[in-house]
Amino acid sequence: MSEAAKQPVQRKSLEERDRMSDLERLRHSCAHIMATAVLRLWPEAMLDIGPPTDEGFYYDFELPSHRFSPDDFEKIEAEMKKVIKENHVFEKQQKTREEARAFFESKGQKFKVERLADIPEGETISFFQSGEFTDLCAGPHVMRTGNVKAFKLLRVAAAYYRGNEKNQQLQRLYGTAFANKTELEEWLKAQEEAKKRDHRKIGREMELFTFDEDVGPGLPLWMPNGTVLIEELEKLAKESEFAAGYLRVRTPHLAKENLYLTSGHLPHLYAESMFPPIEMYEDRDHADQPKAKYYLKAMNCPHHHKIFAAVPRSYRELPLRLAEYGTCYRYEQSGELMGLMRVRSMQMNDAHIYCGPEQFANEFRAVNELYLKYFKIFGFDKFVMRFSTHDPSKLGQKFVNEPILWKQTEDMVRRVLVESGINFIEVPNEAAFYGPKIDVQLWSVSGREFTIATNQVDFAVPRRFGLVYKTRDNTEATPLCIHRAPLGTHERFIGFLIEHYAGRFPLWMAPEQVRIVPINEDQIEYGQTLTNNLRSLGVRAQLDASGDKFGAKIRNAELARVHTVWVIGPKEQTAGAVAIRRHGAGDLGAKPIDIATQELLEDIRLRR
RNA sequence: GCCAAUUUAGCUCAGUGGUAGAGCAACGGUUUUGUAAACCGUCGGUCGUCGGUUCAAAUCCGACAAUUGGCUCCA
């Protein structure tokens with residue numbers, strides 16, 4: 001689902017409405033048609049709103065007497081077709097506020113009455129009527145219901161009134177509409193194609209990861225092939241971070257309650273997102289003592305802060321960059337779990353950079369460059385950087401009360417972003433409690449938006465932990481902290497990589513880099529020698545010594561998405577060569593073994 | 001957590017009241033093959049779990065679990 005559909009719907013200005021595309025117009029009109037049909041079938045339905053989305057449209061209903069299910073689609077669609085065939089004109093009307101209220105009150109449409117109040121004083125209150133259906137609506141619409149040529153209902157979902165969990169749930173019907181049947185069918189086909197790239201499907205096919213009911217929901221088990229991906233990513237991260245002056249640390253998976261009381265995550269802020277504590281007597285012989293509470297860590301920062309605090313720090317040590325691929329556990333709500341994209345145990349490409357204010361801009365710039373370096377390696381081009389800032393009116397509530405630091409750091413971050421020419425959008429009021437942040441947003445093949453990486457400034461928690469360093473003039477100062485995770489978590493990042501590459505990983509990451517396929521039995525021994533040589537050079541090579549027919553071996557290698565196949569027959573053996581075949585690219589001809597090997601090693605070294 | 005749907009062999013799926021089936025995979029044998037499927041045979045399921053209705057349940061009902069699509073939330 002698109003971001004537009006996920007966000008609580010903002011009222012569009014009249015100018016924005018004028019710019020509404022033909023497709024949005026069509027879809028919005030189709031939403032009216034759907035509401036018309038629903039009211040014919042269930043006259044007692046209460047209507048909320050029905051806007052267009054990136055994918056189609058929806059309409060929210062309150063209908064306690066009936067639960068919508070996909071079985072209703074046929075009936076509703078049939079009724080919609082009737083409305084379309086009746087070819088009603090979408091007729092714009094204006095009412096005064098009082099007339100509008102009276103109109104909806106007479107029909108008992110309570111949500112519409114409430115929505116009326118959202119329209120600013122002075123703005124025209126417009127209605128659209130098509131047939132017997134009249135809706136509060138600023139438009140625009142297509143001319144007639146008959147203009148809707150191709151539509152389909154997609155799914156039924158619950159949605160909280162005004163997007164607020166505390167409000168009642170309404171029933172939402174999603175649908176889509178296109179200019180013609182061909183475009184609708186193409187879109188449906190594209191949806192089917194996208195499903196083939198779904199990381200859950202490819203993960204099963206390639207034996208990358210699995211979930212098991214006995215282990216628990218959201219707790220992935222990494223199989224050997226998936227573990228290769230993890231270890232290659234970690235190699236990349238460790239090399240890059242080492243070169244950038246990071247120091248590696250390691251911290252336990254749990255900690256006592258007090259750590260999170262200090263950080264402020266407990267007792268309230270983050271308690272719901274953490275697994276409930278393990279409670280135990282520190283001394284089994286003294287059960288009269290209070291029990292100690294241990295929490296699985298949901299983030300690594302507090303542990304890293306304690307490492308900072310472990311020895312007296314000097315300005316000479318700053319910036320101090322502590323890095324760890326830390327494993328965290330978050331008790332995500334069961335309905336939010338989704339394959340590898342949303343899990344309960346995750347390994348984070350985490351690091352905390354402690355620095356002085358004069359070092360901040362450089363550190364922040366270097367972190368950004370690291371992001372861009374990674375995204376270039378993976379060929380990510382459709383990401384959006386979201387710069388979340390604070391709302392000064394909420395200082396001391398939603399945001400830590402440090403007006404000067406907020407302004408300073410936000411200005412610095414903005415300057416770095418502008419100077420480095422990064423495309424970013426600024427989102428007010430979305431910052432973390434302790435500072436501004438940058439999230440990198442990507443879309444999964446199913447169209448869902450996720451944060452793939454994050455980069456946050458923290459000027460509150462170091463103070464809570466009493467972190468200080470000695471400055472040049474022998475005073476004590478609290479460091480700023482940059483919290484960064486450019487490769488996000490293994491789980492989500494690899495989920496994206498699987499979909500991004502559709503399982504066809506570049507050589508350096510490929511779980512099986514080379515498969516050696518002998519044409520007949522006589523080459524098996526030779527193939528074994530080649531395999532052993534490659535493995536001694538660190539190449540993930542396998543020999544296909546099966547009794548399959550040659551064509552079947554090729555097919556199996558293709559289906560397994562093996563990156564490179566070396567075919568060896570009598571000709572190659574005699575010539576000291578291999579015939580190279582690349583996944584998806586077919587037969588690339590023969591090369592001498594030395595050259596073929598060198599090329600492999602070079603591509604791996606350069607992460608191609 | 002909430003709403004809806006789904007759950008049958010390792011995978012993809014048939015089977016809507018009369019005690020389970022296909023293709024692929026796996027395993028055994030025969031075959032030794034030049035760039036996407038050789039042939040024969042064998043194994044494999046208390047139909048998600050527990051309970052209920054019934055002479056009889058994969059099939060009907062209920063609870064629970066997991067998964068999926070949304071909502072809320074988030075790396």
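Predicted model only: the values in this text are computed from it and were never measured. Convention: sequence-line order gives letters A, B, ...; per-chain numbering from 1.
Judged by the 6.0 Å and 45° rule, A:Arg492 forms no cation-pi pair with A:Phe450.
Listed nucleotides: B:C71, B:A38, B:C74. Nearest to the side chain of A:Glu332: B:C74. For A:Arg581, the side-chain atoms get nearest to B:U35 when compared with the rest of B:A75, B:U35, B:A5. When distances are taken from the side chain of A:Tyr160 to each of B:U35, B:C71, B:G34, the shortest belongs to B:C71. For A:Arg200, the side-chain atoms get nearest to B:U68 when compared with the rest of B:U68, B:G34, B:G70. Listed candidates were B:A38, B:G70, B:C73. Nearest to the side chain of A:Lys549 is B:A38. The A:Arg67 side chain lies nearest to B:A4 when the options are B:G34, B:G1, B:A4. Residue A:Lys437 places its side chain closer to B:A75 than to any other of B:A75, B:G34, B:A5. Side-chain proximity of A:Thr454 to B:G69, B:A75, B:A66: nearest is B:A75. In this structure, of B:G69, B:A75, B:A36, it is B:A75 that holds the atom nearest to the side chain of A:Thr489. Looking at the side chain of A:Arg492, the nearest of the listed nucleotides B:U72, B:C74, B:U35 is B:C74.
Centroid-to-centroid, the aromatic rings of A:Phe383 and A:Phe424 stay 6.0 Å apart or farther. Not less than 6.0 angstrom separates the ring centroid of A:His500 from the ring centroid of A:Phe378.
For B:C50 and B:G41, the C1' atoms lie 40 Å apart once the distance is rounded to whole Å. Using atom C1' as the reference point in both B:U6 and B:U59, the two lie 16 Å apart (nearest Å). Using C1' as the reference atom, B:G45 and B:C60 are 22 Å apart when rounded to the nearest Å. Going from the P atom of B:C13 to that of B:C73 covers 33 Å, rounded to whole Å. Spacing of P atoms, B:A58 relative to B:U42, comes out at 27 Å, to the nearest Å. Straight-line distance between the P atoms of B:A22 and B:A14: roughly 16 Å, to the nearest whole Å. Comparing the C1' positions of B:U35 and B:G48 gives a spacing of 43 Å, expressed to the nearest Å. Taking the P atom of each, B:G15 and B:U8 are spaced 14 Å apart, rounded to whole Å.
Phosphate proximity of B:C71 to A:Arg162: absent, as no side-chain N or O sits under 4.0 Å from OP1 or OP2. The shortest distance between the side-chain N/O atoms of A:Tyr174 and the OP1/OP2 oxygens of B:C71 is below 4.0 Å. Within the structure, a side-chain polar atom (N or O) of A:Arg204 is placed less than 4.0 Å from OP1 or OP2 of B:U12. Put simply, A:Ser334 has a side-chain N or O that comes within less than 4.0 Å of OP1 or OP2 on B:G1.
Nucleotide B:U42 is matched to B:A26 when pairs are restricted to Watson-Crick or G-U wobble geometry with both distances under 3.5 angstrom.
The backbone N or O of A:Thr251 sits less than 3.5 Å from a side-chain atom of A:Glu324, completing a donor-acceptor pair.
As a whole-Å value, the separation of A:Glu430 CD from B:C74 P is 9 Å. If you measure from atom CG of A:Asp548 to atom C1' of B:U30, you get 14 Å, rounded to the nearest angstrom. Atom CG in A:Asp214 sits about 12 Å away from atom C1' in B:U49, given to the nearest Å.
With contacts defined as side-chain heavy-atom distances shorter than 4.5 Å, the pair A:Thr489/A:Asn349 does not qualify. Between A:Phe505 and A:His563 the shortest side-chain heavy-atom distance does not fall below 4.5 Å.
Summary of the strand contacts: A:Lys201 and A:Gln456 both lie near RNA chain B, and taking for each the nucleotide with the nearest heavy atom, the more 5' one is attributed to A:Lys201.
Nucleic acid contact for A:Leu337: sugar-phosphate only, since backbone atoms but no base atoms lie under 4.0 Å from a heavy atom of the residue. Counting any heavy atom pair closer than 4.0 Å across all strands shown, A:Ala557 reaches no nucleic acid atom. Residue contacts shown for A:Ile452 are limited to sugar-phosphate atoms, with no base heavy atom under 4.0 Å away. Using a 4.0 Å heavy-atom cutoff across all strands shown, A:Phe211 reaches no nucleic acid atom at all. Within 4.0 Å (heavy atoms only), A:Ala159 reaches sugar-phosphate atoms of the nucleic acid but no base atom. The residue A:Pro570 sits close to a base: some heavy atom pair falls under 4.0 Å.
Contact annotation: side chain of A:Arg342 to base of B:C73, donor-acceptor pair present below 3.5 Å.
Atom CG of A:Leu487 sits about 6.0 Å away from atom CG of A:Leu233, to the nearest 0.5 Å.
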